[in-house]
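Here the structure is a predicted model, which is why all the values come from computation and not from measurement.
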Amino acid sequence: MNTNFTQRNFINTIKASLLSALLLVSYTIALLAQPQFPQPGVKPPTLELRPIGFANLVTQTKNFQLQVTPTDFSDTDIGRRVSGTGTIKLTGTLTNVSGCCARIKVEIIRLAGTSAQTFEERTFEFCGSQNVNIAKALSASQDDARFLVKMTNPDPWNKIAVNGNFTLTFPTGDVILTAQPNIPIDLTRGVDVSRTFRLTPNTAGRLKVEIRWTGAASLQSKLFKPGQQAGATGSSVLTRNGSGGALDLDYDITAADIAAGNQWALNVLNNSSSSVTATGITFRVIYSVEE
């Protein structure tokens, strides 16, 4: 009887120990599952807002002229960068200025690295003038490349002069640039802040800056090109004022604007007439490249 009692007592002790361990593990898991709050006076880390790459797909249009002559049998327009799927369309008019009939081949050529391939082509035979209307859908595997337009007289024995006036329509994406430091900011009345961003690629184009915030504050925003000193009182290429939580700046970049580099700057000032705060100010810079 004593032996049986001892065995039962030992088993009960083991059961109690296992139950205690289970309760401890369950309590620990419950603690870890609770949301973690920062200590008083300690700010939680700010998550950096990263660029999203491309905005909405847009369509750009370029006008240009080509010419073949009795000595130059071919002419090519410089490449256009295409960075989105859609339809490439070439329209225009061929005019025979030599007075005799001729054949002219018009090609849209895709350049990717060192590879050049004819994307679409048409050959026209005419005497006076000829309308050109070439369109072809561009797949996802065919964008992100440069496209040329080439006009050729395939009959060198027929030495003629033909002028071509063309319009090329092509899809591309607006580039989203990152204003640094890339975190939201609060501004009380009379306080200003500056942000910088780099133009990539550094070419002429169009900028659209979208500034958004919460609250009834009024803001002044200035845009500074490379070489200008950013600040609320500095001389800028563009100044705008806005309220209601939204302010946009639109600016056409010229070759002269980028002569001093590719770093641009923004300055925002809370110029409200009363003591109100603009909360969570964010910046979105959209760049439409012109080539």
Side-chain angles (χ1 to χ4, degrees), residues 53-98 101-126 128-175 199-206 252-255 258 262 286-291:
F54 287 96
N56 294 331
L57 196 67
V58 296
T59 298
Q60 292 193 11
T61 300
K62 297 295 181 183
N63 300 315
F64 56 96
Q65 292 79 40
L66 297 179
Q67 183 183 62
V68 296
T69 68
T71 55
D72 295 320
F73 300 109
S74 183
D75 194 10
T76 304
D77 179 62
I78 60 175
R80 308 298 183 192
R81 183 75 186 181
V82 178
S83 59
T85 59
T87 299
I88 294 183
K89 180 183 290 186
L90 180 68
T91 58
T93 304
L94 298 171
T95 303
N96 190 332
V97 297
S98 63
C101 297
R103 288 198 310 150
I104 293 295
K105 182 169 70 172
V106 179
E107 300 172 86
I108 302 176
I109 299 173
R110 179 180 183 271
L111 296 178
T114 58
S115 173
Q117 296 178 335
T118 298
F119 180 71
E120 185 72 339
E121 68 174 63
R122 299 281 176 81
T123 299
F124 303 94
E125 187 170 353
F126 60 99
S129 63
Q130 172 69 48
N131 291 330
V132 175
N133 192 343
I134 303 174
K136 186 175 180 180
L138 185 72
S139 67
S141 63
Q142 295 171 319
D143 64 349
D144 292 329
R146 288 191 176 274
F147 284 77
L148 309 177
V149 175
K150 184 178 182 180
M151 185 173 83
T152 307
N153 176 4
D155 304 317
W157 52 266
N158 187 14
K159 298 183 177 181
I160 45 86
V162 174
N163 295 330
N165 291 286
F166 298 105
T167 297
L168 184 68
T169 303
F170 56 96
T172 190
D174 286 336
V175 181
L199 212 59
T200 305
N202 193 26
T203 64
R206 184 169 182 80
D252 290 319
I253 301 170
T254 67
I258 59 178
N262 71 337
I286 306 171
Y287 176 37
S288 298
V289 180
E290 297 287 348
E291 298 184 274

Margin query: Using side-chain heavy atoms (C-beta onward) and a distance below 4.5 Å, is Phe170 in contact with Lys62?
Written below: yes
Margin query: With a 4.5 Å cut-off on side-chain heavy atoms, are Thr95 and Val162 touching?
Written below: no
Give every donor-acceptor pair under 3.5 Å between a side-chain atom in residues 102-122 and any protein atom, sequence neighbours left out.
from: Arg103; atom 1: NE; to: Asp155; atom 2: OD2; distance (Å): 3.0
from: Arg103; atom 1: NH2; to: Asp155; atom 2: OD1; distance (Å): 2.9
from: Glu107; atom 1: OE1; to: Thr118; atom 2: OG1; distance (Å): 3.1
from: Arg110; atom 1: NE; to: Gln142; atom 2: O; distance (Å): 2.7

Checklist line | Close side-chain approach of Pro70 and Ile160, heavy atoms under 4.5 Å | finding: no
Notebook entry, point to check: Under the side-chain hydrogen bond (donor to acceptor under 3.5 Å, both in side chains) test, which residues partner Thr167, sequence neighbours left out?
Noted result: Asn63
Item checked: With Thr87 via side-chain hydrogen bond (donor to acceptor under 3.5 Å, both in side chains) - residues at least two apart -> none
Next item on the list: Check side-chain hydrogen bond (donor to acceptor under 3.5 Å, both in side chains) between Asp252 and all other residues, then give those that pass, not counting sequence neighbours.
Entry: Arg206
Next item on the list: Check for a donor-acceptor pair, side chain of Asn158 on one end and backbone N or O of Cys101 on the other, with a separation under 3.5 Å.
Entry: yes
Notebook entry, point to check: Taking only residues two or more places apart in sequence or in another chain, which ones pass salt bridge (Lys or Arg N to Asp or Glu O under 4.0 Å) with Asp75?
Noted result: none
Check: Out of curiosity, Met151 CE to Asp77 CG, how far, rounded to the nearest 0.5 Å?
Finding: 11.0 Å
Item checked: Flag side-chain contact, heavy atom, 4.5 Å: Tyr287 against Ile253 -> yes
Checklist line | side-chain hydrogen bond (donor to acceptor under 3.5 Å, both in side chains) involving Thr123 - partner list, sequence neighbours excluded | finding: none
Margin query: On a heavy-atom basis, which atom in Thr85 and which in Leu138 lie closest, and how many Å separate them?
Written below: CB-O, 3.5 Å
Item checked: Which residues share a side-chain contact (heavy atoms from CB on, under 4.5 Å) with Asn133, sequence neighbours left out -> Lys89, Thr91
Checklist line | side-chain contact (heavy atoms from CB on, under 4.5 Å) partners of Ser74, counting only residues at least two apart | finding: Lys150, Thr152
Checklist line | Closest heavy-atom pair and its distance - Pro154, Pro156 | finding: O-CD, 3.2 Å
Check: When rounded to the nearest 0.5 angstrom, what is the spacing between CG in Leu148 and OG1 in Thr76?
Finding: 6.5 Å
Check: Phe73: what forms a ring-ring contact (aromatic ring centres under 6.0 Å, His included) with it, not counting sequence neighbours?
Finding: none
Item checked: From Leu90 atom CG to Ile134 atom CD1, the distance as rounded to the nearest 0.5 Å -> 5.0 Å
Next item on the list: Could you tell me whether a side-chain N or O of Asn163 sits under 3.5 Å from a main-chain N or O of Leu66, the two making a donor and an acceptor?
Entry: no
